[in-house]
Every structure is written in C-alpha cells, then in structure tokens.
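We count residues from 1, following the sequence as given.
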Amino acid sequence: MPKNGGMQGGMGSKKYVIKPFRSHTQMGTKDAEQTWTVLKDAITEIFNSNASALSFEELYRNAYNLVLHKHGELLYVGVQREVEKQLKKTGADLARSSDPSLLENLVFAWDYHCMTLTMVKDILMYMDRTYVQQKKKVPIYDMGLEKFRDEVARHPKIRDRVKKLLLNSIHKERNGEKIDREIIRKILNMEVKLGVNSIQVYQEDFEAHFLHETKQYYYMEGNRNIDSLTCPEYLLEVERRLVEENARSQNYLDSSSEKALLNIVEEQLIVTHHKTLVQGKTGCFYMFRNERLTDLRRMFKLFSRVPTTLLEVRAALVRYIKEDGEALVKKENEDRAALRFVRALLVQQEQYEKIVSEAFQGDKEFKKALKEAFEHVVNMNDKVPHFLSLFVDDLMRERVKKKGDVGNDVTSFDEILDKVITVFRHIQDKDIFESYYKELLAKRLLQKKRNFDSDYSIEMEERMISKLKVECGQQFTSKLEHMINDMNISADLMV
C-alpha cells in the first residue's frame with residue numbers, strides 16, 4: 001500500500017492499452033484467462049496507486065465481455081483473490097506499526113482501500129448487476145469490505161491493539177485529558193461499515209468491551225464519590241457525567257450505543273446509590289429542612305431517568321412531613337398555643353407545597369404523597385378543628401383592632417384564608433369545625449351588635465363563608481349564611 005494517498009502514477013509508469021474482445025466471437029477459456037490476467041494487472045496497478053495509467057472504459061468492456069461469455073465465475077473469484085492478496089500485504093504492513101501510529105495508519109489504510117475499492121467496483125459494475133445477482137454472490141464492494149475486515153481490521157496483531165488503544169483513549173478523556181476524537185470517530189465508523197448490513201463488527205470488536213469498561217469505571221467512581229461527597233455534590237457529578245457521555249455518543253460513538261451507555265451510567269451512579277443519597281446525612285431531610293430546592297430539583301430530574309428510584313424520594317417526603325407534624329403536635333394545647341400551632345402548620349404546608357411544585361415540578365405522585373402525609377398530620381390531633389376555628393376568629397378580630405377595611409388588603413387577606421381552607425380540606429371531622437366556627441361567628445356578630453362596631457366588616461365573614469361553600473357545598477354553610485343575613489337585616493332595621 002503506497003503512502004502517498006493518491007492514485008496518480010509516475011511519469012515512467014507502463015501504459016495499459018486493452019482492446020475489447022469482439023462480441024461476435026465466442027470467448028474460449030484461454031482467451032478468458034488472458035483477459036483476466038490483464039484485468040488482474042490493472043487491479044494491482046489500482047492498489048499501487050497507478051490508476052491514472054489505465055483506461056477504465058476499456059477495462060469495463062473487458063470485464064463486461066468476460067461476464068457476457070459466461071466467464072463470470074473466473075472474474076469474480078479472481079477479483080476476490082486479488083483483493084485478498086493486496087489486503088494481506090496491507091495487514092502485514094500495519095501490524096508492524098508502533099502503538100502511537102497504529103490508529104492513524106489504520107485510518108489511512110481504510111480511506112485508501114475505500115477509494116481503490118470504488119474504482120474496482122466501477123470496472124465490474126456489469127458483473128454486479130448480472131452475475132452477482134443471479135448467483136446470489138456478495139457484491140464486489142461489500143466483498144472488499146469483508147476482506148478488509150478479515151485481513152486487516154481483525155488481523156491477529158492489529159485487532160486487540162486497536163481495541164486497547166481506543167479504550168485507553170476514552171479512559172483518558174473521562175479523566176480529563178485531551179484526545180484525538182476525530183481519529184476515534186473514523187475508526188468506529190469503519191467498524192460499523194465493516195459489518196456491511198449490520199453493526200456486528202462494531203459490537204463485537206468495540207462496543208461490548210467499551211460497555212464493560214464503562215461499567216467498571218463508573219462502579220468504582222460511584223463507590224468513591226458516595227463516600228467522599230455530599231449528596232448535592234454527588235448529584236452534580238452525576239449530572240456532569242451524563243452530559244459527558246451523551247456528548248461522547250454524539251461525537252464518535254455509533255448512535256446504537258447511546259441508550260446502553262447512558263443506562264450503565266444511570267445504573268452505577270443513580271440506582272446503586274439512590275437509597276444512600278436519599279437517606280444520608282445530606283440527603284432529602286437535609287435538603288427539605290434547608291429548602292435546597294435547586295438540589296432537590298436536580299435529584300428529581302436525575303432520578304426521573306429511572307422512575308423506580310423516585311419511590312424512595314416520595315417515601316422520604318412523607319416521612320419528613322409526618323415527623324415534622326408530630327413534633328408540632330406535641331406542643332401545648334392552650335388557646336394561644338393553638339394559634340401558634342395553626343400558624344406553624346400553615347408555614348409547614350406552604351413549605352411542602354413549594355417543594356412539590358418547584359423541586360418536583362408538580363408531579364402528580366408527589367402531590368398525592370403530600371396530600372396523604374399532610375392529612376395524617378392534620379388529623380393526628382383531634383383538636384385541630386377547634387384550633388383552626390380559633391385561628392380564623394383571631395384573624396377576624398385582629399383586622400378589627402387594626403381598623404383595616406378588607407378592601408384595603410384584599411389580596412393578602414384572601415391568601416391567608418386560602419391557606420386556612422387548605423388545612424380545612426384535610427380535616428376529616430369537618431362538622432366539628434363547623435360547630436366551633438358557628439359558635440365563634442355568633443360571638444363576633446353579637447359583639448358587633450352590642451358595641452355598634454362600625455370597624456367590623458361583614459364582608460370579611462362573607463369571604464370566608466364563600467370559600468367554605470366552594471369547598472363543601474351550600475348545605476354545609478347554610479346556617480352560617482342565615483346568621484349573616486339576620487345580622488344584615490338587623491342592621492338595616494336599626495338604621
């Protein structure tokens with residue numbers, strides 16, 4: 001194989017002039033062999049980069065005549081042997097290459113072979129269209145690929161060295177070193193094409209070993225990082241590795257490798273350690289407590305790649321909400337403590353909703369987990385319906401003390417009422433709440449009537465009752481509405 005990479009012959013090259021065989025004369029065996037010898041010499045010249053000295057039109061006619069006169073087998077077998085002979089020389093030459101130059105020399109040999117094989121295929125075009133199809137032979141170009149696979153790519157002193165050089169380069173890149181991505185891309189593209197109509201060569205000679213090495217690499221990295229990094233730091237590394245491997249699959253791997261490659265990274269870095277990440281000192285409880293929403297969002301995004309791992313995150317959220325609520329329930333049950341309890345409960349509920357909506361992207365399964373856990377907390381203390389009614393009572397009275405008309409701060413007031421309704425929604429004994437609420441509402445209305453309290457706004461009461469009506473229906477609020485209506489009629493009569 002010449003090193004100049006071209007197909008032009010020297011000035012002293014022999015000029016081949018081939019006269020076409022007369023079509024009206026039957027070609028005998030001797031004539032056929034002579035014609036084949038000329039074609040064989042021409043193929044040798046092509047492989048020796050002397051193509052410019054040949055008349056391809058005449059070569060085509062001679063190949064055409066051999067097939068036309070039933071000598072297709074002689075031509076096909078002859079070409080097969082000649083290509084094999086040339087590639088044996090190429091394989092032997094490449095086998096003597098040093099490791100630093102082997103990949104580069106292999107790429108050169110491959111490019112050169114594809115170029116010469118295209119020329120040979122063009123000469124034998126008629127045979128491909130007739131004899132090859134009739135006899136179900138491998139087309140000339142594909143046959144040349146198979147010969148390159150057997151004599152060069154899978155040469156005993158080339159195949160394993162190439163594999164090792166490729167894997168070592170990728171290992172270096174994973175460790176932060178710069179490598180020649182283009183030469184790796186060309187080698188792997190060659191292996192794909194050597195499979196002809198499949199990717200078997202690529203899979204057997206590279207992919208299987210690459211995936212095994214990848215599994216070992218990330219197995220070790222996962223074990224090392226889980227012991228030395230915090231959960232947020234570990235998740236950042238996983239995210240970085242997935243980006244790198246995705247880029248690797250785009251840059252030089254065959255597209256068929258992407259899914260298997262990313263699955264290995266996910267298995268070794270996420271699945272294997274997901275329970276430790278969730279339950280560890282800097283895991284979910286730490287991130288919930290400190291509102292590390294960015295880190296939780298990253299965990300959710302990464303774990304979503306393997307949805308079963310999210311079960312552990314949801315379980316952690318439920319445990320956190322229940323434990324947080326149990327600590328709150330243990331506090332005193334006096335009226336003032338009741339107000340503090342509800343305020344704290346509202347703060348917790350807001351924090352949980354923020355985590356689910358922002359970190360877990362409003363995922364319906366996490367919403368369901370939040371609902372079930374918060375409902376458990378709300379109903380742990382049978383005094384919550386009473387506490388909540390006291391909280392609303394205090395809210396109404398505080399607005400009167402501050403002489404704040406509801407119209408001046410409708411939005412903030414409604415937001416607080418909405419939070420109250422959220423807690424109310426989780427109460428199982430809603431009738432108990434209604435009983436306490438009705439009693440406290442009566443006291444407020446009576447106080448307004450006795451004191452002629454012009455600062456007290458019925459509109460505030462109507463807002464709360466309206467929200468309860470939306471939540472539970474008209475039957476639930478009918479008595480409360482009658483109380484308000486009676487108060488309004490009384491006020492009109494007094495005027």
Side-chain angles (χ1 to χ4, degrees), residues 335 338-339 341-350 352-354 356-357 362 367 370-371 374-375 377-379 383-495:
D335 285 356
L339 299 179
F341 172 84
V342 175
R343 290 191 188 100
L345 197 61
L346 293 178
V347 170
Q348 288 181 350
Q349 182 265 338
E350 184 177 12
Y352 306 148
E353 286 194 341
K354 188 176 183 181
V356 171
S357 63
K367 284 184 175 181
L370 168 59
K371 179 180 180 298
F374 194 67
E375 187 170 308
V377 170
V378 168
N379 293 285
K383 294 186 179 181
V384 169
H386 187 200
F387 288 174
L388 194 61
S389 65
L390 288 171
F391 179 82
V392 176
D393 183 68
D394 183 73
L395 180 65
M396 298 294 186
R397 294 181 186 277
E398 283 296 318
R399 290 187 65 81
V400 173
K401 289 179 183 179
K402 295 177 180 179
K403 301 185 183 297
D405 187 88
V406 68
N408 294 331
D409 196 12
V410 173
T411 303
S412 62
F413 184 72
D414 271 356
E415 286 175 353
I416 298 173
L417 292 185
D418 287 339
K419 292 177 183 178
V420 170
I421 291 297
T422 300
V423 176
F424 168 77
R425 186 178 297 134
H426 292 85
I427 294 175
Q428 293 174 350
D429 296 324
K430 291 181 173 60
D431 290 339
I432 296 177
F433 171 85
E434 191 265 346
S435 177
Y436 282 119
Y437 190 88
K438 183 174 65 174
E439 179 183 340
L440 293 170
L441 173 61
K443 290 180 179 180
R444 293 195 298 274
L445 294 176
L446 184 59
Q447 183 178 7
K448 171 179 172 60
K449 185 175 181 180
R450 285 177 177 174
N451 299 335
F452 301 99
D453 193 348
S454 60
D455 291 324
Y456 184 83
S457 175
I458 290 296
E459 187 180 351
M460 295 190 298
E461 300 288 1
E462 290 175 338
R463 283 181 177 277
M464 181 61 186
I465 293 172
S466 175
K467 291 180 184 294
L468 290 171
K469 185 176 181 179
V470 171
E471 193 67 28
C472 297
Q474 185 172 2
Q475 186 176 356
F476 183 84
T477 60
S478 59
K479 294 179 181 179
L480 302 177
E481 289 177 308
H482 283 312
M483 293 171 66
I484 295 294
N485 289 336
D486 290 345
M487 185 67 189
N488 287 332
I489 292 172
S490 176
D492 291 340
L493 290 173
M494 290 179 67
V495 173

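- Taking every heavy atom of both residues into account, Ile421 and Met464 meet most closely at CD1-CE, 4.0 Å.
- Cation-pi geometry between Arg343 and Phe387 is not satisfied (NZ or CZ under 6.0 Å from the ring centre, within 45° of the ring normal).
- Annotation for Leu339 and Phe391: closest pair CD2-CA, 3.5 Å, computed over non-hydrogen atoms.
- Considering only heavy atoms from C-beta on, Leu390 comes within 4.5 Å of Leu440 through its side chain.
- Residues Asp393 and Tyr437 fail the side-chain proximity criterion, which asks for heavy atoms closer than 4.5 Å.
- Looking only at side-chain heavy atoms (C-beta outward), Val342 and Val420 stay at 4.5 Å or farther from each other.
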Considering only distance and modelled atom types, tabulate donor-acceptor pairs under 3.5 Å from the side chains of residues 424-434, sequence neighbours left out.
unit_1: Arg425; atom_1: NE; unit_2: Glu471; atom_2: OE1; d: 3.4
unit_1: Arg425; atom_1: NE; unit_2: Glu471; atom_2: OE2; d: 2.8
unit_1: Arg425; atom_1: NH2; unit_2: Glu471; atom_2: OE1; d: 3.2
unit_1: His426; atom_1: ND1; unit_2: Thr422; atom_2: O; d: 2.7
unit_1: Lys430; atom_1: NZ; unit_2: Arg425; atom_2: O; d: 3.2
unit_1: Lys430; atom_1: NZ; unit_2: Ile427; atom_2: O; d: 2.7

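- A heavy-atom distance below 4.5 Å is not found between the side chains of His386 and Glu439.
- Closest approach of Phe341 and Val384 over heavy atoms only: CE2-CG2, 3.7 Å.
- Scored by the side chain to side chain contact (heavy atoms under 4.5 Å, CB included) test, Gln474 finds Lys469, Glu481 as partners (sequence neighbours excluded).
- Nearest heavy atoms, Leu417 versus Arg463: CD1-CB, 4.2 Å.
- Rounded to the nearest 0.5 Å, atoms NZ (Lys438) and NZ (Lys443) are 13.5 Å apart.
- With contacts defined as side-chain heavy-atom distances shorter than 4.5 Å, the pair Glu375/Asn379 qualifies.
- With sequence neighbours left out, the side chain to side chain donor-acceptor pair (under 3.5 Å) criterion links Glu353 to Gln349.
- The salt bridge (Lys or Arg N to Asp or Glu O under 4.0 Å) search around Lys367 returns none, not counting sequence neighbours.
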